[in-house]
Each structure stands twice: as structure tokens, then as C-alpha cells.
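Everything on this sheet refers to the single structure shown next.
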Amino acid sequence: MSIHTTHAASTVPDARAFELRVTPDRTQLFAFGAITWNRHKIHFDRAHAMAEGYPDVVVQRGLLGNFLARAVAAWAGPEARIERLSWKVLRSAFPDRELSCQGEVSAVWEDRGERLFECVLRIVDPDGLRVADGAARVRFQ
Amino acid sequence: MNMQPTLSNEVLAWIGSEKVRRYEVTAHDIRRFAQAIGDSEPAVADDGAVVAPVLFCQAFMFDDVPAHELPTDGSPKELDLPIPATRTVGGSSEFEVLGAVRSRDVITIRAKLKDVVIKHGKSGTLYLVVVETRFENQLGVAVAREVATYVKRT
């Protein structure tokens, strides 16, 4: 997971596509809101979320980004380094619904003897609707 | 006659303004963040420091203001602009990971209101609030930069 301070050579994975499935629940939304000190009621107060037109509390934008980061890290391995991650929320996600966090290598190049991979990312909900699009740049030392 | 909404001088004056704050990173914070994102135990470096997940700086995105200073919907104070919009939702993020964040680091956060853009969508007028946040450690080394866009609407 995550970034590392060691400089051991990293192994480039064979797979060019990857997926991580996650099902956020209300406890996870609460925990993420607490650690990021995000007290926006749409993330924990169902009545408030419904008053704003949502069917339930809303998964945080930041948490969706972390799901993508986990998907990339699980594919890339512990010695690779995520240098850049971007994502755009296209529709809201809600708790207790499985999200498929998908990635695919879109470009590979070399920089100072190290390999860099560009990946396109997306999050898809159980209805097959796209929740977020994104991209990541990963360096293999 | 142009009836499209425009930004007030007050909002325009806020664009470019920056707030600076500082936090000390604890192993406790990193472990809680890792658990909150559903990650396994965070990595531990040879010197015993706990290494944070890549987007850990999100933990410092919002200021420690008391609840009564927040808008009534509890949305972040940083987005509480004098614009005719009451609902807020996260839009997009561009996050650069420039270095590792470890326990015992002291992170300086510089959050700047970069822009406010008016868009006219199917559901009405949208205000895109763009916040740039830069994170630097106690050695003066940049460790992360995020440009986040929030969507505010009536």
C-alpha cells in the first residue's frame, strides 16, 4: 500500500488492467469524515441528505480517491510510487453498494532509467453507471 | 440585458487569498486514516516512523473551526463564500504526491481559493469553487499539492 521510502527495484506487473471492489458502509463514511474533519451533513445525516435530494448519505469525494489509490497500489506493488492521482466525480455513490474501482495502463515511458505508467481509472456502481473517472501516474524504480 | 449571475466584488477579492496552518503528524493519525480508507496496516520505515497512505494530506484539508462557525449544512468553512448557492458537493481532484509523509513530520498547509467559475447546467447555475492546497514538511520540502474543485448550487 501507499508510498514508501525504500529504493529497492520494483517489479512491473504483467497485468495491464486491474480492479478493486469495495463496499463502503456508514461506519467507513463516519470514520473518513472524522479523520478529515469533514462535518458536511450529506455524509452522515440521512435526513439532511434526503432533503438535498439524495436517496442516502453520500460517499465523500476524498474517499473515492482513496479507493482509486488503493486499486492502483494493489496493482503496482509495494515498491512502486504513485506520483499523481486525479479523479472527477460524475455521480454520487452511496453506502452498502459495491463499487468497482478499475484501471488500465494507457501509456508507458522511461524517465532517468525508471519506468512510468499512466493509467486511466474509473469507478462503476452496481448498476453499471460510472461514478468517477480518473488517471494515475506510477513510477517503477 | 444580461441576466446571468456574476461574482460579487467580495468574492472576487477572496480569489487568490491564502490561509496557512501547521499540523504535527502522529502515527495515531496515520493509522486511523489508513483504517478509514479500508487499508491494511500502514508501512513502517526502518527508523520506526509510520509512512502515510498517498492521499493522507486530505486529513489536513479543512481547518479546525468549531461547529458553530460552519454553514448550517456543515460543509467546510473554506467553501463558505458569499454566493447564492446553498448546496455543496465534491467535484474533482488533482493530487500530486511529491514526497512521503511520515509520523513526526510537521506539515505546513497553504490553502488558496484559486478560482470561482460560474457554469449554467441543466439543474441551474453551478459555482465551481477551486481550492489549491500545498503541503510542505518541516524541512521545507513539498510533499503534496492538491487542486480540488467543489460544486455549489442553489
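Order of the sequence lines sets the chain letters (A, B, ...), proteins ahead of strands, with each chain counted from 1.
The greatest number of non-hydrogen atom pairs below 4.5 Å with chain A, out of B:V151, B:L98, B:D64, is found for B:D64. Of all the listed residues (B:G91, B:G90, B:P76, B:A148), the one sharing the greatest number of non-hydrogen pairs under 4.5 Å with chain A is B:G91. Top candidate by heavy-atom pairs under 4.5 Å with chain A, chosen from B:Q35, B:R145, B:E94, is B:E94. Highest contact tally toward chain A, considering only B:A36, B:S93, B:A144, is held by B:S93 [criterion: heavy-atom pairs under 4.5 Å]. Between chain B and the options A:N66, A:V89, A:I35, the largest number of non-hydrogen pairs under 4.5 Å is found for A:N66. Between chain B and the options A:Q28, A:H48, A:R70, heavy-atom pairs under 4.5 Å are most frequent for A:R70. With chain B as the partner, the residue from A:L63, A:L85, A:D133, A:V58 showing the most heavy-atom pairs under 4.5 Å is A:L85.
Taking the six-membered ring where the residue is Trp, B:Y150 and B:F62 present tilted rings, their angle falling between 30° and 60°. Using the six-membered ring where Trp is involved, B:F95 and B:F135 have ring planes that are parallel, under 30° apart on the 30 and 60° scheme.
Contact check on A:K41 versus A:E52 returns no salt bridge, with no Lys/Arg side-chain nitrogen under 4.0 Å from an Asp/Glu carboxylate oxygen. Between A:E19 and A:R21 there is a salt bridge, with a side-chain nitrogen of the basic residue lying less than 4.0 Å from a carboxylate oxygen of the acidic one. Salt bridge present: B:E41 and B:R31 bring a charged side-chain N and a carboxylate O closer than 4.0 Å. B:D47 and B:R102 are joined by a salt bridge, as a carboxylate oxygen and a charged side-chain nitrogen come within less than 4.0 angstrom of each other.
Contacts of B:Y23 classified as ring-ring contact (aromatic ring centres under 6.0 Å, His included), with partners at least two apart in sequence or in another chain: B:F60. Remark: B:S75 pairs with B:D73 by the side chain to side chain donor-acceptor pair (under 3.5 Å) rule, at least two apart or across chains. Evaluation of the side-chain contact (heavy atoms from CB on, under 4.5 Å) rule for A:R39 yields A:W37, B:V65, B:A67, B:L70 as partners, not counting sequence neighbours.
In the displayed structure, B:R22 atom CZ is contacted under 6.0 Å by at most 12 heavy atoms of other residues, nucleotides or ligands.
Looking only at atom types and distance, the side chain of B:E10 has no donor-acceptor partner in the side chain of B:S8 under 3.5 Å away. Side-chain polar atoms of A:T36 and B:Q58 form no donor-acceptor pair below 3.5 angstrom.
Only the side chain of A:R61 comes within contact range of chain B, with at least one heavy atom under 4.5 Å from a heavy atom of that chain. Neither the backbone nor the side chain of B:F56 has a heavy atom closer than 4.5 Å to any heavy atom of chain A. Residue contact with chain B, scored on non-hydrogen atoms closer than 4.5 Å, is absent for A:F30. Only the backbone of B:D63 has a heavy atom closer than 4.5 Å to any heavy atom of chain A. Residue B:T88 touches chain A through both its backbone and its side chain, counting heavy-atom pairs closer than 4.5 Å.
Chain B is approached within less than 4.5 Å, heavy atom to heavy atom, by no residue from residues 120-131 of chain A.
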